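Structure, as structure tokens:
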Amino acid sequence: MMVVEWLREHSPDIVLLQEIKCENAAFPSEFFEDLGYNIALHGQKTYHGVAILAKLPIEDVIRGLPDFEDPQSRYIEALVGAVRVASIYVPNGQEVGSDKFYYKLNFYNRLKAHIKQSLEAKEISVWGGDYNVAPFLADGPNEEAFKGERILTSQKEREAFRELLWLGLTDAVRVQYPEDTPHGQHLFSWWDYRANSWAQNKGFRIDHLLLSPPAADRFEAAGIESQVRALDKASDHAPVWVKLR
DNA sequence: ATGGTAGCAAAGCTA
């Protein structure tokens, strides 16, 4: 598996996975255990499914957003050492105005309420995953991609994401690469399989690592491993990482 | 405006 090779090379302390697309029992745990990872799963057949891998023990696991009845497995949170982490797969929303779109906005509302409450504990926290929103113009290929009401870039979606930021969270990759970073530096995290998007570098930055203030205080570096997208049979997403002291 | 590709799972849905 490509992800196993990548983990062997980089050996991150904590890994947040989205779209594992299988029940817990079908997850290939042994491959990750062989690399020294503990595993917490919130799996689901066919679609969705999230996971946390960590070198240290994984404690106090929460599966699903609190106070949100959700038949889809899109949220898992846990304590790893002194760090609280969450692996999040925000709904795609399919089309602006559709039922799935309002489910997405609803998910954002519930996520905001949960994060707001969590921040009161002043822990070192990282909420990471596929947010399915490109929050700023620099997070898409051109201004055209932000016009009209398209999924990932619509006004309501970008507002929903920014409301998370206004709670006091720090977008780790944006700290490393300020918004005026020129285009063409592959500062995207996802390229559609369709329409030759990767070859034309028509991607979006929709995968984010959001840091609580105590986590932001320990920020060292962040980035996106975009070259992984060029591999044969690659995921349409590239790994996003942050290093904290 | 449409359709382009890929994964899962076995036709069509999701992204």
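The shown structure was predicted, so the numbers you read here are calculated from the model rather than taken from an experiment. The basis for the numbers below is simple: all heavy atoms, side chains too, and nothing from hydrogens, waters or symmetry mates. Chain letters run A, B, ... following the sequence lines, proteins first and then strands; every chain starts at 1.
- The CG atom of A/Asp99 sits 13 Å away from the P atom of B/dA15 (whole-angstrom rounding).
- Inter-residue side-chain proximity for A/Ile39 and A/Glu33 is flagged as met; some heavy-atom pair is nearer than 4.5 Å.
- The interatomic distance linking A/Ile20 (CD1) with B/dA15 (P) rounds to 16 Å, in whole Å.
- For A/Tyr47 and B/dC13, a side-chain-to-base donor-acceptor distance below 3.5 Å is present, hydrogens and geometry of angles not being considered.
- At most 12 non-hydrogen atoms from other residues, nucleotides or ligands lie less than 6.0 angstrom from CD of A/Glu69.
- Between the side chain of A/Arg174 and the backbone N or O of A/Tyr177, at least one donor-acceptor pair lies under 3.5 Å.
- Distance, A/Asp232 CG to B/dA6 C1': 13 Å, rounded to whole Å.
- Put simply, CZ on A/Phe27 is 13 Å from P on B/dC8, counting in whole angstrom units.
- One can place CG of A/Leu231 at 15 Å from P of B/dA6, the figure rounded to the nearest angstrom.
- Across the protein-nucleic acid pair, A/Phe204 atom CZ and B/dA15 atom P stand 16 Å apart, rounded to whole Å.
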Between protein and nucleic acid, restricted to nucleotides 9-11 of chain B and to nitrogen or oxygen atoms under 3.5 Å apart, what atom pairs and distances do you find?
residue	atom	partner	partner atom	Å
B/dA9	OP1	A/Thr46	OG1	3.2

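- Counting any heavy atom pair closer than 4.0 Å across all strands shown, A/His237 reaches no nucleic acid atom.
- Annotation: B/dT14 and B/dA9 have their C1' atoms spaced 13 Å apart (nearest Å).
- Taking atom NE2 on A/His48 and atom P on B/dC8, their separation rounds to 14 Å, with Å as the unit.
- The pair A/Glu144-A/Lys202 does not meet the salt-bridge criterion, since no charged nitrogen lies less than 4.0 angstrom from a carboxylate oxygen.
- With DNA chain B read from its 5' end, the first of the two nearest nucleotides for A/Asp192 and A/Pro91 is the one closest to A/Asp192.
- Using a 4.0 Å cut-off between charged nitrogen and carboxylate oxygen, A/Arg205 and A/Asp171 count as a salt-bridge pair.
- Taking the C1' atom of each, B/dA10 and B/dA6 are spaced 15 Å apart, rounded to whole Å.
- For B/dA1, neither phosphate oxygen OP1 nor OP2 lies less than 4.0 angstrom from any side-chain nitrogen or oxygen of A/Arg150.
- Summarising the geometry, the separation between OH on A/Tyr103 and C1' on B/dA15 is reported as 14 Å, rounded to the nearest angstrom.
- Taking each heavy atom of A/Ser212 and A/Trp127 in turn, the nearest pair found is CB-CZ3, 4.4 Å.
- Two residues, A/Glu19 and A/Lys233, neighbour DNA chain B, and the one matched to the more 5' nucleotide by heavy-atom proximity is A/Lys233.
- For the C1' atoms, the distance from B/dA1 to B/dG12 is 22 Å, rounded to whole Å.
- Residues meeting the side-chain contact (heavy atoms from CB on, under 4.5 Å) test with A/Tyr47, sequence neighbours left out: none.
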